[in-house]
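Throughout, protein chains are lettered first and strands after them, A, B, ... in sequence-line order, and every chain is numbered starting at 1. Because the structure is predicted, anything quoted here is derived from the model rather than measured.
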Amino acid sequence: MHDLRMVREHIDALRAAMRRRGALDALSPTIERAIALDKSRRETIQAVEERKAARNAVTQQVGQKKRGGESADDLQQQSRALGDEIARLDRELAETEGELSALLLELPNITLDQVPAGGEENNSAVRSWGTPREGARVQPHWEVGARLGIIDFERGAKISGSGFIVFRGLGARIVRSLMNLMLDVHTGQHGYEETWVPVVVNRASMIGTAQLPKFEDDMYALKGEDAFLIPTAEVPLTNLYRDEVLPESQLPKSFTAYSPCFRREAGAAGKDTRGLLRVHEFDKVELVRLVTPETSGEQLEILTGHAEKILKLLELPYRVVRLAAGDTGFASAHTYDLETFAPGVGKWLEVSSCSNFSDFQARRANIRYKPTDGGKPRFVHTLNGSGLAFPRVIASILEHHQQEDGSVRVPAALSTYLGAERLV
RNA sequence: GGACAGGUGGCCGAGUGGUUGAAGGCACCGGUCUCGAAAACCGGCAUACCGGUGAACCCGGUAUCGAGAGUUCGAAUCUCUCCCUGUCCGCCA
């Protein structure tokens, strides 16, 4: 969400930012309407506050007269009349502010200077690690998984529906091992606080991290309650300090959590339907950081490095892609996608998306910090990234580490947890 | 799920219709005192929004006592709904 004053005073910058996202045409009416509403909002505020001040003066006189035993019928009459006007203006104001804040929630974040304008075609790899493997003789992961008996797609679909997976035997154990590996590295080497959070959250939390109101169709909503299954642990983790003020000395705060993630993928029907590439429920270890505004740029580099570390440990070649403005998520100001190559499907798979949200989420969620120098509370900057998402990592492992004989080599960092060096 | 009891400023806590944004205390900041510190004493100490030509400061106004709605000339105080917390009972992994 944007600061109303910023919208008012830097409207050109806002328009330019929307243009870089390729969304100016679509959002221009929203911006114009917001500006108009802001103007009428302030006019109404002035009108209503003037009357409130008048009424306050009158009712005080009523009080004095009554205490003196006098009647105050005329004053009461006057106050009642003012009250009627106030009620009318208050309704008008509520209506205006309701529409205005709804509009503000629809505007995406402003991307940072280093983010190129335009869409996906302007994404650029900023670095890469390892060598993507030639894939002609590599079996896709869904065939490997079925052949080894570690992934049961059919029964997942039977018990839950398409896009739900059952891992079995060593497959299930791989999930548990990935969870332990990632949490151990992020807590032990990267200094994150390990957390275990609810996967059901309320509407306020979903608005705080900007899944709502725009993406409600992609969320699993609980029947009979205003609550949702999380699409990522980003939601509970970032909202931990919603409506709180942290001492600056506690920043940066960093949290990691394993959680299942639930996504309806409403807009993606028919895309990546095979295998593990796009499922409705998956597992992930998430990284979240709350930092001071001055440091969020460097903090994104740090966080991205933490996610990369896992790919290195799993010996999976990857590239780091800086997303162009039009491909950058709604709430993000700067995003790096981590993509690992899966030779069996012949695709780069996004296994992590590391973002700096600047103060966009902090403003919505009202997460602030008190500066050490004694200044007024300011909004923190929030960041998060997957570290990493399991299914595509598993797909990549099954394909990249596939051997000539069809078995799969387990990288050393993982085999410690798995208790097996090969999947046969 | 049922029955009670509660939700007031950073914290504790007073306040049941009218100069209450809110007593008192703690914490915090400044000062006096002291060689210095402690104690004592004095003073300060909420946030948001609107306006006063932009910013800083300042000034005026409005709102805020869990949230929302209502009664009233006037609500922290009365009524209703909801949320949350505590205690007891029931149920349950």
Enquirer: Provide, to the nearest angstrom, the distance between the CD atom belonging to A/Glu49 and the P atom belonging to B/G60.
Expert: 15 Å

Enquirer: Looking only at atom C1', what distance separates B/G61 and B/U72, rounded to whole Å?
Expert: 24 Å

Enquirer: Tell me whether the side-chain N/O atoms of A/Arg51 come closer than 4.0 Å to OP1 or OP2 in B/G61.
Expert: no

Enquirer: Does A/Arg42 have a side-chain nitrogen or oxygen under 4.0 Å from the phosphate oxygens OP1 or OP2 of B/G51?
Expert: yes

Enquirer: CG of A/Asn202 versus C1' of B/C82: gap in Å, rounded?
Expert: 14 Å

Enquirer: Starting from the 5' end of RNA chain B, give me the residue, A/Ala54 or A/Asp3, whose nearest nucleotide shows up first.
Expert: A/Asp3

Enquirer: Starting from P on B/A48, measure out to CD1 on A/Ile45 and report it in whole angstrom.
Expert: 15 Å

Enquirer: What's the closest nucleotide to the side chain of A/Arg8 if the choices are B/U62, B/C50, B/G74?
Expert: B/C50

Enquirer: Report the distance from atom CG of A/Asn366 to atom P of B/A48, rounded to the nearest whole Å.
Expert: 10 Å

Enquirer: How are the rings of A/Trp196 and A/Tyr258 set relative to one another: parallel (under 30°), tilted (30 to 60°) or perpendicular (over 60°)?
Expert: tilted

Enquirer: If B/C11 has a Watson-Crick or G-U wobble mate with both distances under 3.5 Å, name it; if not, just say none.
Expert: B/G25

Enquirer: Whether the side chain of A/His401 engages the backbone of A/Leu314 through a donor-acceptor N/O pair (distance < 3.5 Å, no angle test) should be reported.
Expert: yes

Enquirer: If you look at every strand shown and take non-hydrogen atoms under 4.0 Å, does A/Arg368 touch a base, only sugar-phosphate, or nothing?
Expert: nothing

Enquirer: To the nearest Å, give me how far apart CD (A/Glu97) and C1' (B/U62) are.
Expert: 12 Å

Enquirer: Across all strands shown, which nucleotide pairs with B/C57 by Watson-Crick or G-U wobble geometry, both distances under 3.5 Å?
Expert: none

Enquirer: Checking A/Arg289 against A/Tyr192: charged group under 6.0 Å from the ring centre and within 45 degrees of the axis?
Expert: yes

Enquirer: Could you tell me how far B/A63 sits from B/G21 if I compare only their C1' atoms? Round to whole Å.
Expert: 11 Å

Enquirer: If B/U87 has a Watson-Crick or G-U wobble mate with both distances under 3.5 Å, name it; if not, just say none.
Expert: B/A3

Enquirer: Please give the distance between the C1' atoms of B/C65 and B/G2 as a whole number of Å.
Expert: 30 Å

Enquirer: May I ask which nucleotide in the shown strands pairs with B/A93, Watson-Crick or G-U wobble, both distances under 3.5 Å?
Expert: none

Enquirer: Between A/Gln61 (CD) and B/G74 (C1'), how many Å, whole number?
Expert: 13 Å

Enquirer: Rounding to the closest angstrom, what is the interatomic distance between B/A67 and B/G7 at atom C1'?
Expert: 12 Å

Enquirer: Rounded to whole Å, how long is the line connecting atom CD of A/Glu85 with atom C1' of B/U62?
Expert: 16 Å

Enquirer: Quote, to the nearest angstrom, the P distance that separates B/U79 from B/C88.
Expert: 28 Å

Enquirer: Using Watson-Crick or G-U wobble geometry with both distances under 3.5 Å, which nucleotide pairs with B/C41?
Expert: B/G31

Enquirer: If you pin A/Leu75 and A/Ala53 to their nearest nucleotides in RNA chain B, which one's is more 5'?
Expert: A/Ala53

Enquirer: For the P atoms, the ones on B/C4 and on B/C42, what distance do you get once it is rounded to whole angstrom?
Expert: 48 Å

Enquirer: Distance check: side-chain N/O of A/Arg55 vs OP1/OP2 of B/G74, anything under 4.0 Å?
Expert: yes

Enquirer: Please give the distance between the C1' atoms of B/G86 and B/G74 as a whole number of Å.
Expert: 35 Å

Enquirer: Ignoring hydrogens and geometry beyond distance, is a side-chain donor-acceptor pair present between A/Glu301 and A/Tyr336 at under 3.5 Å?
Expert: yes

Enquirer: When the ring planes of A/Phe164 and A/His280 are compared, do they come out parallel, tilted or perpendicular, using 30° and 60° as the limits?
Expert: tilted

Enquirer: A/Ser407 side chain to A/Val424 main-chain N or O, any donor-acceptor pair under 3.5 Å?
Expert: no

Enquirer: Is A/Asn56 near enough to B/U19 that one of its side-chain N or O atoms lies under 4.0 angstrom from OP1 or OP2?
Expert: no

Enquirer: When both hydrogen-bonding distances must be under 3.5 Å and the geometry is Watson-Crick or G-U wobble, what is B/C80 paired with, if anything?
Expert: B/G68

Enquirer: Of all the heavy-atom pairs spanning A/Arg363 and A/His2, show the shortest one and how long it is.
Expert: CD-C, 3.8 Å

Enquirer: Using purine N1 to pyrimidine N3 plus N6-O4 or O6-N4 for Watson-Crick, or N1-O2 and O6-N3 for G-U wobble, each under 3.5 Å, what pairs with B/U47?
Expert: B/A63

Enquirer: How would you label the contact of A/Val62 with the nucleic acid (heavy atoms, under 4.0 Å): base, sugar-phosphate, or nothing?
Expert: base

Enquirer: Please report the shortest heavy-atom distance between A/Arg242 and A/Ala365, naming the atom on each side.
Expert: CG-O, 3.0 Å

Enquirer: Expressed in whole Å, how much space separates the P atoms belonging to B/C12 and B/G90?
Expert: 32 Å

Enquirer: Would you mind telling me which of B/A63, B/G18, B/C50 lies closest to the side-chain atoms of A/Arg5?
Expert: B/C50

Enquirer: Suppose we define a pair by two distances each less than 3.5 Å, Watson-Crick or G-U wobble; what does B/G18 pair with here?
Expert: B/C73

Enquirer: B/U62, B/G51, B/G18: which one has an atom nearest the side-chain heavy atoms of A/Gln46?
Expert: B/G51

Enquirer: Could you give the CD-to-P distance, from A/Glu43 to B/G51, as a whole number of Å?
Expert: 10 Å

